[in-house]
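Below is one structure, written out as structure tokens; comments come after it.
Labels below follow one simple rule: chain letters A, B, ... track the order of the sequence lines, proteins then strands, and each chain is numbered from 1.
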Amino acid sequence: MALQKNFYRRETLTVAKQLLGCFLMRKIGRKVIRARITEVEAYIGEDDLACHASKGRTKRTEIMYGEPGHAYVYMIYGMYHCLNIVTEKKGYPSAVLVRAVANSCEYVHKSREWREIHGVKTDGPGKLCRFLKIDKKLNGWDMTKGEKLWIDRPTPRLRSGEKVIANKRIGVDYAKHCRDYLWRFSLDYSK
DNA sequence: TATACGATCACCT
DNA sequence: GGTGATCGTATAC
């Protein structure tokens, strides 16, 4: 069962932290890929100078003003895509950037048996989109439908010994005081 | 219409 | 640590 709108319609920092440990699901043809989310970042409102919506409502940022649970996919540096999930109530521009997923698993329609994929780099926002074939065609996609692209929450979400840590966001040095917000969250395994 | 630059990555030293 | 690739978007003219 895909996570529903109620999950995404809450405070962005809460959604971001609770997405850690969840499975990013991607169905391509008869193949399903399941990738555990290990790092995210929050981008919250027009006052967040690192958020694309700090420029206001434009054609590009329109999706962030829309329904929670939809995908916001944009191209960066002319060659990579980044996947975000829109959060909070409609009209409030905010989203969670999926920065990294762990070793991916996949099954093909016939086998229904999960197996790990080796040698795939999914430890960056551009890399995971390249691997999961996420591009602007999925911009605006409703991720609560459980088709093509969605999120599943396992039970338990966090495994033994795991905890959530907060750090500064990456690549937003231009964002004045907002660059120092501790809005990047990762799974941590050390004690 | 023209220009500057970015929520990145891979490869180099 | 530093840099080039490469193009959509916002902004300036």
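Using a distance-only test at 3.5 Å, with no hydrogens or angles considered, no donor-acceptor pair links the side chain of Arg9(A) to the main chain of Thr87(A). Although no hydrogens or angles enter the test, the distance criterion places a donor-acceptor pair under 3.5 Å between the side chain of Arg169(A) and the main chain of Ala42(A). Within the 3.5 Å criterion, the main-chain N or O of Ile117(A) finds no donor-acceptor partner in the side chain of Glu106(A). Looking only at distances, a side-chain donor or acceptor of Asn139(A) sits under 3.5 Å from a matching main-chain atom of Val73(A). In this structure a side-chain-to-backbone donor-acceptor pair under 3.5 Å is present from Trp141(A) to Glu147(A). Put simply, the side chain of Thr144(A) never gets that close to the backbone of Leu3(A): no donor and acceptor are under 3.5 Å apart.
The gap from the C1' atom of dA7(B) to that of dG1(C) amounts to 22 Å, rounded to the nearest Å.
Using a 4.0 Å heavy-atom criterion, one finds that Lys121(A) contacts no nucleic acid atom at all. Contact annotation for Arg60(A): backbone-only contact, meaning every heavy-atom pair under 4.0 Å involves sugar-phosphate atoms and none involves a base.
Looking at the side chain of Lys127(A), the nearest of the listed nucleotides dA10(B), dT8(B), dG6(B) is dA10(B).
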Polar atom pairs between nucleotides 2-8 of chain C and protein, under 3.5 Å, N or O only, would you list them?
| unit_1 | atom_1 | unit_2 | atom_2 | d |
| --- | --- | --- | --- | --- |
| dT6(C) | O2 | Tyr77(A) | O | 2.5 |

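Between the side chains of Asp152(A) and Trp150(A), at least one donor-acceptor pair of N or O atoms lies under 3.5 Å.
His52(A) has a side-chain polar atom (N or O) that falls below the 4.0 Å cut-off from OP1 or OP2 of dA7(B). Applying the 4.0 Å criterion to OP1 and OP2 of dA10(C), one finds that Arg57(A) has every side-chain N and O outside that range. Neither OP1 nor OP2 of dA7(B) sits under 4.0 Å from any side-chain N or O of Arg184(A).
Distance, Glu41(A) CD to dG6(B) P: 15 Å, rounded to whole Å. The separation between Leu182(A) atom CG and dA7(B) atom C1' is 17 Å, rounded to whole Å. Rounded to a whole Å, the CG atom of Leu97(A) is 11 Å from the C1' atom of dT8(B). Between Asn84(A) atom CG and dA7(B) atom P there is a gap of 11 Å when expressed in whole angstrom units. Counting to the nearest Å, the P atom of dA7(B) and the OH atom of Tyr181(A) are 16 Å from each other. One interatomic measurement links the two molecules: CZ of Arg169(A) to P of dT8(B), which rounds to 12 Å at whole-angstrom precision. Computed from coordinates, the Ile170(A) CD1 to dG6(B) P distance equals 15 Å when rounded to whole Å. The distance from atom CD1 of Ile63(A) to atom P of dT9(C) is 13 Å, rounded to the nearest whole Å.
Pairing each heavy atom of Ala50(A) with each of Tyr174(A), the nearest pair is O-OH, 3.5 Å. Here the closest non-hydrogen pair linking Ala71(A) and Met143(A) is CB-SD, 3.8 Å.
Near DNA chain C, meaning a heavy atom under 4.0 Å away, there are no residues from residues 137-144 of chain A.
Residues Tyr43(A) and His52(A) place their aromatic rings such that the two centres sit no closer than 6.0 Å.
Between His177(A) and Tyr181(A), the ring planes lie perpendicular to each other; the angle is over 60°, past the 30° to 60° tilted range.
No cation-pi contact links Arg153(A) to Phe7(A), judged by a cut-off of 6.0 Å to the six-membered ring centre and 45° from its axis.
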**Study point:** Structure string for DNA chain B in dot-bracket form, Watson-Crick and G-U at under 3.5 Å, | interchain
**Key:** ||||||.|||||.
